[in-house]
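Presented below is the structure to which this report refers.
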Amino acid sequence: MTVNVLFAATESRWAEYEPPLRKEIAALGIEAHIATDIPADQVDYIVYAPNSEVQDFTTFTRAKAVLNLWAGVEAIVGNPTLHLPLCRMVDPALTQGMVEWVTGHILRLHLGMDAHINAPAGTWDPVAPPLSFDTRVTVLGLGELGAACATALAGLGFQVTGWSRSPKDIAGITCLSGDAGLEDALAVADYCVLLLPKTPATENTLNAPALALMPKGARILNPGRGPLVDDEALLDALDNGHIDHATLDVFRIEPLPSDHPYWSHPRVTVTPHIASETRAAYSSKTIAENIRRGEAGEPFLHLVDRTAGY
Ligand code: NAP
């Protein structure tokens, strides 16, 4: 039987996604009609992105799942018309991209690269950088991305602490959870990496009291979501010198407005939500595998917990 797959992850992505989606779904032996214009009552699976035109799911009467191309689901998880299983994106390329962004930006600050790149010719100031062995990194969020980044940083020699909602046991990482765990995790954060999802419980995780718990001179990297950080509190902490630097990839409003103080702050680095992108060639394998599972009656991968919001 032919499976009807609606690509509702915006027309602009269709040309990029059509060939790998066809290839990966066929590779699993599934006969599929994949298109951007299938009548709602004939759709079996919806490939989705948050800025999709599809916002009302009530007409998808026989659909089995919504397969999100993004890891973050805050823009869809609360949709009151959605009663179908919702799967988020997990794929090795998405994880690898985040590992490279996080380790790269930590090493830039850790090694003091900017001083040498920007130094006038003739500058000879032979101060060796610190070693990772003597430097502590805290990763808030130990899911697919946080755990991979924590493990990579531990592999580079950093002393890594991680924090999550439920207790974890990850080799080489000091794993903490709960409110007391957060305080302990922040207290040892020479670097703090935010890889939490945006939910009501995680908003403003880095607020003024949390920032005050961090060691003086700490550095922050936020590739998670903008609302995890209280922007006013962070700017105050940067201005009074308690926080040394913030490297921010995500913001409450994106693109970051041109008059936002982050753009001109000398100790803020802005990157334009590029820490890790979903790539069609890799994510299509995850989509195809979930369609295979749906057809075989097997549990979907990467199901979102609608109550927890991620
Ligand atoms: P994930 O696998 O769902 O992991 C989320 C982690 O956060 C889990 O460890 C979870 O704890 C923890 N968490 C959630 N709520 C918490 C709370 N209230 N207190 C403490 N810990 C909490 O997600 P992921 O795939 O790693 O992705 C993380 C986020 O990265 C996404 O939601 C998205 O916002 C962001 N992201 C950004 C980019 C980019 O380009 N900037 C790209 C992809 C993703 P448990 O383990 O106990 O459940």
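Remember, it's 1-based here, ligands and their atoms both numbered in the order they're listed. One is the number of the first residue; the rest follow in order along the sequence. All values below come from the heavy atoms of this structure, side chains included, with hydrogens, waters and symmetry mates left out.
If you look at K168 next to ligand 1, the close heavy atoms, those under 4.0 Å, all belong to the side chain. Within the 4.0 Å heavy-atom criterion, the part of M98 lying near ligand 1 is the side chain and not the backbone. Heavy atoms of T202 found under 4.0 angstrom from ligand 1 belong exclusively to the side chain. Heavy atoms of T205 found under 4.0 angstrom from ligand 1: none, in either backbone or side chain. With a 4.0 Å heavy-atom cut-off, ligand 1 is reached by the side chain of D249 but not by its N, CA, C or O. By the criterion of a heavy-atom distance under 4.0 Å, both the backbone and the side chain of E144 are placed next to ligand 1. Contact annotation: for R88 versus ligand 1, heavy atoms closer than 4.0 Å belong to the side chain alone.
The nearest heavy-atom contact from the protein to atom 10 (C) of ligand 1 is Y310 OH, 3.5 Å. The single protein non-hydrogen atom nearest to atom 37 (C) of ligand 1 is P223 O, 3.1 Å, given as residue, atom name and distance. Among protein heavy atoms, atom 42 (C) of ligand 1 sits closest to S276 O, 3.3 Å. Protein heavy atom nearest atom 28 (C) of ligand 1, with residue, atom name and distance: L195 O, 3.6 Å. Among protein heavy atoms, atom 19 (N) of ligand 1 sits closest to W163 CH2, 3.3 Å. With respect to atom 8 (C) of ligand 1, the closest heavy atom belonging to the protein is G143 N, 3.6 Å.
Judged by distance alone, with hydrogens and angles left aside, the side-chain atoms of Y48 form a donor-acceptor pair with the main-chain N or O of V54 at under 3.5 Å. With hydrogens and angles ignored, the 3.5 Å screen pairs a side-chain donor or acceptor of R88 with a backbone N or O of A71. Looking at R62, its side chain never comes within 3.5 Å of a backbone N or O of D44 through a donor-acceptor pair. For the pair T58 (side chain) and T81 (backbone), a donor-acceptor distance under 3.5 Å is absent.
The A71 neighbourhood of ligand 1 comprises atoms 43 (C), 44 (C), with distances under 4.0 Å to a heavy atom of that residue. Interface of L196 with ligand 1, defined as ligand atoms under 4.0 Å from a residue heavy atom, comprises 7 (O), 12 (C), 13 (N), 21 (N), 22 (C), 29 (C). Every atom of ligand 1 with a heavy atom of V250 under 4.0 Å away is listed here by number and element: 41 (N). When each atom of ligand 1 is checked for a heavy atom of A201 under 4.0 Å away, the hits are 18 (N).
Between Y191 and H110, the ring planes lie perpendicular to each other; the angle is over 60°, past the 30° to 60° tilted range. In this structure, F300 and Y45 have perpendicular ring planes: the angle between them is above 60°, well past the 30° mark.
Between L69 and V47, the closest side-chain pair of non-hydrogen atoms falls below 4.5 Å. Within the 4.5 Å cutoff, no side-chain heavy atoms of E183 are placed close to those of W163. Side-chain contact between D190 and P215: present, with at least one pair of heavy atoms (C-beta onward) separated by less than 4.5 Å. You'll find the side chain of I106 reaches within 4.5 Å of the side chain of L221, heavy atoms only. P227 places none of its side-chain heavy atoms less than 4.5 Å from the side chain of F251. F158 has its side chain out of reach of F133: every pair of non-hydrogen atoms, C-beta onward, lies at least 4.5 Å apart.
Between H273, R165, R225, it is R225 that holds the heavy atom closest to atom 33 (C) of ligand 1. Taking only non-hydrogen atoms, the option from V90, L228, L145 nearest to atom 43 (C) of ligand 1 is L145. Evaluated by nearest non-hydrogen atom to atom 5 (C) of ligand 1, the leading choice among P197, G224, G141 is P197.
Between E18 and R22 there is a salt bridge, since at least one side-chain N of the basic residue sits less than 4.0 Å from a carboxylate O of the acidic one.
Every N/O-N/O distance between E74 and ligand 1 stays at or above 3.5 Å. For a threshold of 3.5 Å applied to N or O pairs, the pair formed by K198 and ligand 1 contains no separation below that value.
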Practice problem: Decide yes or no on side chain to side chain donor-acceptor pair (under 3.5 Å) for N68 and H302, but give the supporting numbers first. | Solution: CA-CA 10 Å; N68 203 39; H302 321 308; over 6 Å; no
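Taking a 4.0 Å cut-off on heavy atoms, W70 fails to register as neighbouring ligand 1. Distances shorter than 4.0 angstrom occur between a heavy atom of L142 and an atom of ligand 1.
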